[in-house]
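Below is one structure; the comments refer to it alone.
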Amino acid sequence: MKALGAPVEPPILSSCHAAVDAVTKQEVSCCPPYSMAETVDFVPPPLDEPLRVRRPAHKLDKEYVAKFKEGIAKMKALAADDPWNFMQQAAVHCADCDDAYEQVGFNPPVPLQIHGSWLFLPWHRYYTYFYERIIGNLIRDPTLALPYWSWDTPEGMRMPKMLFNESAKRPELFMGKPLVAGEVVPSNASGSLETIHNTVHMWTGASTKPYRDMANFYTTARDIMFFGHHANVDRMWDIYCSIRGHTPEFKQNDWLEASFIFYDENRQVVKCKPRTLTEPIQVLPQRPRTSRTKKEKDEAIEVLVIEGIKVPHGAAARFDIYVAKPMEGQVGPDVGELAGSFVNLPHAHHKFHIKKPKSRLELGIISLVEDIESESSEKLVVIILPRMGEVTIGGVQIVLLKVDDEY
Ligand code: C2O
């Protein structure tokens with residue numbers, strides 16, 4: 001029954017109708033006030049925008065807590081029909097989970113549902129993303145980041161490693177099974193992250209009927225705990241991505257082109273997709289040596305090598321390479337410094353099909369490493385940012401080249 005090439009589309013906002021509280025079976029109203037607004041496509045924030053660093057909720061300082069509370073108070077003080085209003089933001093969760101919409105174009109109608117499948121992670125990522133930016137706007141702080149509730153790590157409690165290992169090669173085990181347009185979410189399509197997340201919802205919410213607050217999708221996002229919870233789910237997804245070396249989890253169009261709708265921090269209705277193909281790749285190559293002396297640096301240059309670069313015949317392509325300092329040996333929030341670019345200008349096909357060798361890019365990085373104060377780091381974060389065209393790369397490494405060696 002699964003139609004291939006059928007990514008789930010965002011709902012038609014004007015078709016919103018009463019939702020149902022799954023527990024009491026009562027009709028509730030969760031429709032957004034912007035049903036007639038024009039929709040634009042989501043554009044990721046510019047790279048030079050200040051980075052928002054999410055911190056664990058148990059480690060926040062007073063100043064941050066005061067700021068965050070002020071933001072929430074401002075959301076609550078907005079007009080009841082303002083899409084940024086606290087209850088309106090909570091209703092977004094209700095509308096997309098409690099049957100306020102149907103999927104576009106199916107008869108009999110298929111309810112829209114963003115839980116229980118691979119849609120769970122990207123939808124909630126956008127949801128927390130816009131919530132964070134709306135609060136930041138209200139208190140005029142472009143660096144405001146949601147705190148995350150670190151339920152996986154309090155004092156040595158860790159997320160079972162096993163879970164990652166088992167599922168690293170089968171993303172659907174972790175992230176959820178495919179869901180294509182026209183399909184009703186089956187009962188067994190959640191990934192392990194969503195399941196763990198459900199346990200936390202249950203544990204936090206009311207334990208008796210009608211299971212209010214965190215325990216019911218209809219009311220859950222009225223509890224600020226929800227956003228701390230989802231900031232952590234989002235962090236888990238990010239950890240999972242680095243365990244997989246940032247290789248895309250799913251390649252199907254049904255995943256890449258599934259889309260959602262949110263009301264953003266600029267009062268614009270935007271259409272968002274799980275993953276843009278221009279997402280940066282981050283790698284952590286080992287350096288051959290650390291803390292070299294001036295003399296050693298004069299004798300051998302530290303070079304970043306991007307090998308096996310492949311561009312389709314004659315096509316235009318470009319990617320930029322940034323180098324950043326790792327944080328505790330891992331990829332941190334730092335976006336680093338520009339080390340160089342790879343550019344392939346469009347050119348004609350070879351007349352005879354000569355097999356072109358793959359390209360290799362070498363960039364000297366001695367002064368860059370000094371600039372980012374990473375001379376003593378064992379590894380460096382290398383960020384490859386696709387800018388144009390289709391390029392694949394074979395690998396990234398750091399080597400030392402003696403200056404007096406013959407080329
Ligand atoms: Cu939309 Cu934590 O659920």
Side-chain angles (χ1 to χ4, degrees), residues 8 10-11 16 19-23 28-32 54 56-57 72 75 83 86-101 103 111-132 134-135 146-152 159 163 174-177 179 184-207 210-240 255 258-263 272-274:
V8 172
C16 189
V20 183
D21 173 353
V23 178
V28 288
S29 105
C30 301
C31 293
R54 292 183 181 169
I72 298 297
M75 283 179 108
F86 184 81
M87 290 301 273
Q88 288 290 349
Q89 280 292 310
V92 169
H93 192 267
C94 162
D96 283 18
C97 325
D98 284 319
D99 294 0
Y101 296 110
Q103 288 192 33
L112 181 75
Q113 175 55 268
I114 47 70
H115 295 96
S117 76
W118 65 1
L119 300 182
F120 168 72
L121 288 174
W123 188 91
H124 287 82
R125 173 166 285 178
Y126 281 116
Y127 188 33
T128 48
Y129 171 90
F130 289 117
Y131 199 86
E132 179 170 81
I134 289 168
I135 299 179
L146 289 175
Y148 63 85
W149 171 20
S150 150
W151 32 255
D152 57 310
M159 183 112 166
L163 183 115
F174 187 73
M175 302 196 26
K177 298 216 177 79
L179 182 81
V184 179
V185 177
S187 57
N188 57 355
S190 302
S192 53
L193 181 52
E194 186 176 354
T195 306
I196 291 171
H197 139 275
N198 289 342
T199 314
V200 177
H201 267 280
M202 281 292 184
W203 182 78
T204 319
S207 53
Y211 308 112
R212 277 291 127 89
D213 308 324
M214 280 281 276
N216 187 325
F217 282 155
Y218 157 51
T219 53
T220 184
R222 297 177 189 178
D223 189 339
I224 284 300
M225 189 77 78
F226 174 94
F227 293 93
H229 179 32
H230 274 277
N232 201 39
V233 170
D234 210 48
R235 181 178 142 259
M236 295 278 138
W237 185 15
D238 190 58
I239 294 173
Y240 179 72
W255 161 255
S259 43
F260 316 114
I261 275 189
F262 286 93
Y263 190 87
C272 317
K273 296 178 182 172

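Order of appearance sets the numbers: ligands from 1, and atoms from 1 within every ligand. Predicted model, so just to flag it, every value in this text is computed and none were measured.
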- SG-SG under 2.5 Å, Cys16 vs Cys30: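 No, because the SG atoms of Cys16 and Cys30 are not under 2.5 Å apart, which misses the disulfide cut-off.
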
- Could you tell me which N, O or S atom of His124 is nearest to atom 1 (Cu) of ligand 1?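 In His124, the N, O or S atom with the shortest distance to atom 1 (Cu) of ligand 1 is NE2.
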
- Aromatic ring proximity, centroids under 6.0 angstrom, His230 and Trp237: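 Not close enough - the centres of the two rings lie 6.0 Å or further apart.
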
- Item | ring-ring contact (aromatic ring centres under 6.0 Å, His included), paired with His229, selected from Trp151, Trp203, Tyr127, Tyr148 |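 Among Trp151, Trp203, Tyr127, Tyr148, the one meeting ring-ring contact (aromatic ring centres under 6.0 Å, His included) with His229 is Trp151.
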
- Item | Between His115 and His93: side-chain donor-acceptor atoms closer than 3.5 Å |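 Yes.
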
- Would one find an N, O or S atom of His115, in either backbone or side chain, under 2.8 Å from atom 1 (Cu) of ligand 1?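 His115 does place an N, O or S atom closer than 2.8 Å to atom 1 (Cu) of ligand 1.
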
- Item | Presence of N, O or S from His93 under 2.8 Å of atom 1 (Cu) of ligand 1 |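 It does: His93 brings an N, O or S atom closer than 2.8 Å to atom 1 (Cu) of ligand 1.
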
- Message: Just verifying a value: how many Å separate His124 NE2 and Phe260 CZ, rounded to the nearest 0.5 Å?
- Response: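 Result: 9.5 Å between the selected atoms.
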
- Message: For N/O/S atoms only: which one belongs to His230 and is nearest atom 2 (Cu) of ligand 1?
- Response: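 The atom in question is NE2.
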
- Message: Taking 2.8 Å as the cut-off, does His201 contribute an N, O or S atom near atom 2 (Cu) of ligand 1, distance below it?
- Response: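 Yes.
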
